[in-house]
Number of protein chains: 2
Amino acid sequence: MRIHEELHLNQPIDLLSREAVLSVVHTSTCIKKEAAFFFNRFGLTNVQFNVLMLLRYQSNSKEGLSQARLSEMMLVNGANITTLIDRMEKAQLVKRTADPADRRYNIIQLTKKGKDVLDKVEPVYRNEIQRRLSVLNEQQQHTLIELLERIRDGIRERAENR
Amino acid sequence: MRIHEELHLNQPIDLLSREAVLSVVHTSTCIKKEAAFFFNRFGLTNVQFNVLMLLRYQSNSKEGLSQARLSEMMLVNGANITTLIDRMEKAQLVKRTADPADRRYNIIQLTKKGKDVLDKVEPVYRNEIQRRLSVLNEQQQHTLIELLERIRDGIRERAENR
DNA sequence: ACAATATATTTAATATATTAACTATTTATA
DNA sequence: TATAAATAGTTAATATATTAAATATATTGT
């Protein structure tokens, strides 16, 4: 369904490139709402699941990740990580320890509870997301990824020339 | 650039459908950040610009839109509209009046200032967004829109069967 | 060795977005 | 006509995300 139909707009969007951009943003919103609904049953939010996955799959060995590293991987502001980790620490999903090798850093690691929750969620999530995306075949998924890459590359290029 | 390169992940994403979904969400994030940078120079935020455009192009005649209508068109919660309109009213971009025909409703309309700001921003925005999306030709933009539609259609279908 | 610069994290204020509960008004039903 | 149900908007609490400023620590330059 076209965007203007979905959102019950009175007029269609009159500029193709604006429609494309709004399609990306709107689809992302729909994905996030759906994911939030999914994760809610496990007591997680979208972003918390993302953190758990990063801690499991993106930390070298078992050493955990710094907040700055999480900020970079999630493309969010460092100030945001503080409050996010505060809430996850409170929920006992992660632990935060000062890094003895560099006193500026904290190291964030999965707790046992965090691992257990992830062990429960992850297989269900993987299955579900494959089912959801099966509306596109593999070729289409690759096409989508490539088109979105081009947009991001164009944005990055212009931002670098600023 | 692939997602894991862009975000400096230590490992690539190991599930195609997850990569596709993260690509949409991440591209949306990049688009929003870039747009926020653009609108900041006009004293607007992304969402405020969206509201101004809806008020200009989506209200029948000059009567304005209700908050519920804005909520629907923006796919956000009504509670959110209250604070958003509060801020925009304070900035004199919109005015809020009670609807005499139905005392439950407010009507939101553009002020002169709101129109003036939009008159200044819109042509620049249109030009800029076409330039940004010129990394894709028209055919590719249509392809992108269609692929994203399929994803949303799939999501909607499953949500309806819940 | 010391000063300047850079970096990690936190705090405070602001913006966006959600849910739940509430009030006022309108619509639907008996 | 009266009651029940639905709807618009608001308030409060919570989550996500930003900028700016501050503090502590590490790195770089002289």
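By convention in this document, chain letters (A, B, ...) are assigned in the order of the sequence lines, proteins followed by strands, and residues within each chain are numbered from 1. Worth saying up front: this structure is predicted, and the values here are computed from it rather than measured. Note that these values count all heavy atoms, side chains included, but never hydrogens, waters or copies made by symmetry.
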*Does the ring centre of B:F42 sit less than 6.0 Å away from the ring centre of B:Y125?*
no
*Nearest-nucleotide wise, let me know which of A:D102 and A:K32 is further upstream toward the 5' end of DNA chain D.*
A:K32
*Expressed in angstrom and rounded to an integer, what is the separation of B:H26 atom NE2 from D:dT16 atom P?*
19 Å
*asked:* Pair A:Q109, A:L55 - check side-chain contact (heavy atoms from CB on, under 4.5 Å), show working.
replied: CA-CA 7 Å; A:Q109 291 163 299; A:L55 289 175; 6.0 Å; no
*Could you encode protein contacts along nucleotides 8-15 of chain C as a string, one character per nucleotide from 5' to 3', using B for base contact, S for sugar-phosphate-only contact and - for no contact, with a heavy-atom cut-off of under 4.0 Å?*
SSBB---S
*salt bridge (Lys or Arg N to Asp or Glu O under 4.0 Å): which pairs involve residues 135-148 of chain A, sequence neighbours left out?*
A:E146-A:R150
*Measure from CG on A:L75 to P on D:dT18 and round the result to the nearest Å.*
8 Å
*Between B:K33 (NZ) and D:dA17 (P), how many Å, whole number?*
8 Å
*In degrees rounded to 10°, what angle is found between the helical axes fit to the five outermost pairs at each end of the helix from C:dA1-D:dT30 to C:dA30-D:dT1?*
20°
*To the nearest Å, how far apart are B:N46 CG and D:dT19 P?*
12 Å
*Can you tell me if A:E19 and A:H4 form a side-chain donor-acceptor pair at under 3.5 Å?*
no
*Would B:R69 and A:N10 count as having a side-chain donor-acceptor pair, cut-off 3.5 Å?*
yes
_Under a 4.0 Å threshold between the charged nitrogen and the carboxylate oxygen, would B:R96 count as salt-bridged to B:D86?_
yes
_Would a single hydrophobic cluster contain both A:V135 and B:I155, if residues Ile, Leu, Val, Met, Phe, Trp and Tyr are joined by side-chain heavy-atom contacts under 4.5 Å?_
yes
*State, without any angle test, whether B:N106 and B:Q67 hold a side-chain donor-acceptor pair at a distance under 3.5 Å.*
yes
*Rounded to the nearest Å, what distance is computed from the CZ atom of residue B:R103 to the C1' atom of nucleotide C:dT27?*
16 Å
